[in-house]
Amino acid sequence: MLSTMQDVPLTVTRILVHGMTIHGKSQVTTWTGEPEPQRRSFAEVGRRAVQLANALRDELGVTGDQRVATLMWNNSEHVETYLAVPSMGAVLHTLNLRLAPEQLIWVVNHAEDKIVVVNGSLLPLLAPLLPHLPTIEHVVVAGPGDRSVLDGAAPRVHEYEELLAGRPTTYDWPELDERQAAAMCYTSGTTGEPKGVVYSHRSIYLHSMQVNMAESMGLTDKDTTLVVVPQFHVNAWGLPHSTFMTGVNMLMPDRFLQPAPLAEMIERERPTHAAAVPTIWQGLLAEVTARPRDLSSMARVTIGGAACPPSLMEAYDKLGVRLCHAWGMTETSPLGTMANPPAGLTDEEEWPYRITQGRFPAGVEARLVGPAGDHLPWDGESAGELEVRGPWIAGAYYGGSDGESLRPEDKFSEDGWLKTGDVGVISDEGFLTLTDRAKDVIKSGGEWISSVALENAIMAHPDVAEAAVVAVPDDRWGERPLATVVLKEGATADYAALKAFLARTVAKWQLPERWTVIPAVPKTSVGKFDKKVIRKQYADGELDVTQL
Ligand code: AMP
């Protein structure tokens, strides 16, 4: 028997129309580096999105599921493309501006992008790539930046503001199938070619609702969120869509992502929430330690994309800022878990929950798979690879316009679950603790050592700014941990002292014998530790390693 309910498709169009009418007074504030930031209401951002849709159709010929790429910082214009492009039935492709040029060329060609909307400040990055991007017919430039680098470029060049000016402020939105492609994002691909994840209208809609639930970020129109996580990194964790659903004000840092302007933004605009990877919070902590600023408006911060060291959480607790740990992937839209502790606990009792990756929401089913393919119990001890499934989780990768979807065996199980490549344990209450990436685990004498646990223990030392631990070959044990450490400015701790500090909390057989101080931990394009680079530096003899 079928239900008697209306079958209304869940689309980005509905999010746009809802936000600009019901929450028309909420604001998108974009940092400009000028004394006053740019402020636009949701009504205005929505109206501009409608004008953009008209321009894309009438002037640039977007009539179907053409891909419209963005090479942009987090700002109002980027939010406008987020809303306009999917609503008209086209596909938004956010480009990671930190990718190597060859990777950018690869993803634009693979997605066959027709148009690229680019911030003026990023033209020096785009211009040299254009001769290698045959599918790009139009370049639309938004915001300040020298346009002359585009002189002689083959595609037609347009000014964003000129394109919008005088366009109609209504659009006859098409009735879309909710399963249709709305946006795409390529994984940062540390190994092999990047893989395209294509989000549907339905997945974005449902994911946005989950982001808005109290057990997740739970923001309302009384909140302002500082969206540091780039819009090219898994749709800024869904915030540009989820905020339009509930009227949460957005504070957008544009290109001002350094610790000093971030601290100034927080002090002046007083956001109540923020979202970013641990690297950003480490940098901001060093800044406010050197030059104290008031961050206390940010009652809640969502931190994820890489493991949050408990020491970082403690440091922010002291500043009145509560970091809430979340786990996710490009393939999971990204919200997979969030570490809001269960009700009724004291601060002390909450702590063991807060330092996990968090609990699965109803839309994410999880299972742990052991080395022999067996399903492991949720007992907080049995470690295996995490597999997930749900309505906002990828079931395949984009295979190109004339290819089939890709379902590589190492990424998808036979019964359709996503193999995350993350290794961890799940407690009987459904809280996930990750111990490693599958490819980063250290196998010493047949036992696993968690690189993440060692990193957290080293980073708890007051002299340490950052630490990354990788597996290196060892004649006796197969593999052993190598500790690479970044000391805080002026710090003097030596290796013996660090090892003695670790020995207080870490089992003796897990203590690293190999230590090296490095100026900075190499990072990927989205700010995660790039352990592949460290392993290579070690293999090539480039690190000055001390053996204890
Ligand atoms: P990406 O698709 O680039 O966002 O990368 C996803 C991967 O980042 C996950 O598979 C994890 O390995 C890692 N990751 C994301 N969030 C966390 C977290 N809270 N703790 C540990 N690792 C994380």
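Just follow the structure's listing: the first ligand is 1, and inside any ligand the first atom is 1. All residue numbers in this chain count up from 1 along the given sequence.
For ligand 1, the atoms sitting less than 4.0 Å from at least one non-hydrogen atom of A307 are 18 (C), 20 (N), 21 (C), 22 (N), numbered in the order shown with element in parentheses. In summary, the atoms of ligand 1 found under 4.0 Å from a heavy atom of K528, numbered by their order in the structure, are 1 (P), 3 (O), 4 (O), 5 (O), 6 (C), 7 (C), 8 (O), 13 (C). Atoms of ligand 1 lying under 4.0 Å from at least one heavy atom of H325, given by number and element, are 18 (C), 19 (N), 20 (N). Proximity to T330 (heavy-atom distance under 4.0 Å) selects the following atoms of ligand 1: 1 (P), 2 (O), 3 (O), 4 (O).
At least one heavy atom of A306 lies less than 4.0 angstrom from ligand 1. Ligand 1 is approached by G328 to a heavy-atom distance shorter than 4.0 Å.
The distance between the ring centers of Y186 and H110 falls below 6.0 angstrom.
Closest to atom 20 (N) of ligand 1 by heavy atom, among H233, Q357, M329, K195, is Q357. Distances from atom 19 (N) of ligand 1 to the heavy atoms of A438, S525, G336, A326 put A326 nearest. Of the listed residues (N96, D422, T337), the one carrying the non-hydrogen atom nearest atom 9 (C) of ligand 1 is D422.
Side-chain polar atoms of E80 and S76 form a donor-acceptor pair below 3.5 angstrom.
Using a 30° and 60° split on the angle between ring planes, F501 and H461 fall in the perpendicular class, above 60°.
For W477, the CH2 atom sits in a loose shell: 12 or fewer heavy atoms of surrounding residues, nucleotides or ligands are nearer than 6.0 Å.
Annotation: side chain of R514 is in contact with side chain of D474 (closest heavy-atom distance under 4.5 Å). Looking only at side-chain heavy atoms (C-beta outward), T30 and W73 stay at 4.5 Å or farther from each other.
At a 3.5 angstrom cut-off on N or O pairs, L434 does not count as close to ligand 1. In terms of polar-atom proximity, G304 is not counted as a contact of ligand 1, lacking any N or O under 3.5 Å from an N or O of the ligand.
No option in D422, T420, T337 other than D422 meets the side chain to side chain donor-acceptor pair (under 3.5 Å) test with W327. Of the options Q282, K523, K488, a side chain to side chain donor-acceptor pair (under 3.5 Å) to E466 is made by K523 and by none of the others.
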